[in-house]
Amino acid sequence: MHVLILGGTTEARALAGLLHGTVRVTSSLAGRVASPRLPAGEVRIGGFGGVDGLVAWVREHGVDAVIDATHPFAERISFNAARAAATAHVPLLALRRPGWVPTAGDDWHSAASLEEAAGALDGLGDRVFLTTGRLGLATFAACPQWFLVRSVDAPDAPMPARTEVLLDRGPFTLDGERELLARHRIDVLVTKDSGGAATAPKLTAAREAGIPVVVVRRPPVPEGVPVAATPEEAAAWALALPA
């Protein structure tokens, strides 16, 4: 059996590790990170060229099942995967980490998009910790606030005029996030609802410090695709498929 895993997430790497040695595994990474952490098994880097390209790759390489373990905000590839799997007549599973849920003491402000998040900053704070990734910085370019931008790779212009870039990769610790918020005198946090534990400590640190958090909601997902919440569930699904 040949399983194609889409995504370079923590869950995707864990899933590849669970399946490697039992079935043939190929992990497909988008190539947006310069030095990605490579999973076990075979790896390909780069896009497929849309739905038709993915269908062709699946057929050419004898893929028996596809698991979409991409980032919760990788909307396009999830829809492409659903269409491609249906066209190629191979089973598809989505591995989606559960979203974050506010708890007592949180001051969360929901936003439907990065544009809405940028518009919500007025009145919330002047020193922003922006953790939405390097690709959407242009959305905040006209904002007057000071920004601390954390990303794995250096971002490109345009970006806010008053910006400090922090290159770092999770997982992050609660003590580290507490120190960061205090050192940079952060008074508002902006994040996407990525879910998972690797970057969740910033939410706890913000709650403890009484800092408001603007949370960008997840985009829609394809309907009718079965979902697993953990790599273990996804691995069990793949191993239960007919050989």
Side-chain angles (χ1 to χ4, degrees), residues 5-20 25 27-41 43 45 67-74 77-78 94-103 105-106 108 114 117 128-137 147-155 164-184 186 188-209 211-219 227-235:
I5 301 175
L6 304 175
T9 59
T10 301
E11 291 81 7
R13 290 192 298 274
L15 174 60
L18 291 171
L19 293 177
H20 180 58
V25 179
S27 296
S28 178
L29 312 184
R32 292 182 175 178
V33 176
S35 300
R37 293 172 176 168
L38 298 181
V43 177
I45 297 178
I67 299 179
D68 173 16
T70 55
H71 191 276
F73 283 80
I77 185 60
S78 291
L95 173 54
R96 295 198 181 98
R97 65 183 79 150
W100 290 319
V101 178
T103 61
D106 281 324
W108 284 17
L114 290 178
V128 183
F129 184 23
L130 185 61
T131 64
T132 56
R134 64 186 177 89
L135 297 180
L137 291 186
F147 286 83
L148 175 65
V149 173
R150 181 166 68 190
S151 63
V152 176
D153 294 320
E164 179 175 335
V165 175
L166 173 63
L167 299 182
D168 204 355
R169 187 199 304 256
F172 302 104
T173 66
L174 179 55
D175 284 344
E177 300 294 63
R178 286 167 173 158
E179 191 276 334
L180 184 148
L181 295 183
R183 172 162 44 94
H184 293 280
I186 300 298
V188 59
L189 166 67
V190 180
T191 187
K192 293 177 177 177
D193 180 15
S194 300
T199 60
K202 64 190 173 188
L203 300 173
T204 302
R207 180 173 62 248
E208 292 177 350
I211 293 172
V213 181
V214 179
V215 181
V216 181
R217 299 192 299 272
R218 293 182 175 188
V227 177
T230 66
E232 290 76 16
E233 290 179 19

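Considering only heavy atoms from C-beta on, H71 stays 4.5 Å or farther from I77 through its side chain. At least one side-chain heavy atom of T191 sits under 4.5 Å from a side-chain heavy atom of L203. A 4.5 Å side-chain heavy-atom check between V213 and D106 finds every atom pair outside the cut-off. Residues S194 and R97 form a side-chain contact, since some pair of their non-hydrogen atoms from C-beta on lies under 4.5 Å apart. Proximity of L181 to E208: side-chain heavy atoms (C-beta onward) are nowhere separated by under 4.5 Å. You'll find the side chain of V216 reaches within 4.5 Å of the side chain of F73, heavy atoms only. Here the side chains of V149 and R134 are not in contact, with every heavy-atom distance at 4.5 Å or above. No side-chain heavy atom of L95 sits under 4.5 Å from any side-chain heavy atom of T9.
Closest non-hydrogen pair, V165 versus P155, comes out as CG1-CD, 3.7 Å.
Between atom CG of residue L189 and atom OG1 of residue T132 there is a gap of 10.0 Å, rounded to the nearest 0.5 Å. Separating the CZ atom in R150 from the CD atom in E177 is a distance of 4.0 Å, to the nearest 0.5 Å.
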(request) Start with the C-alpha distance between I186 and L148, add both sets of side-chain angles, then the distance that settles side chain to side chain contact (heavy atoms under 4.5 Å, CB included), and finish with yes or no. (result) CA-CA 8 Å; I186 300 298; L148 175 65; 4.3 Å; yes

task = Just do the side chain to side chain contact (heavy atoms under 4.5 Å, CB included) check on L180 and F172 with the steps written out, would you?
result = CA-CA 11 Å; L180 184 148; F172 302 104; over 6 Å; no

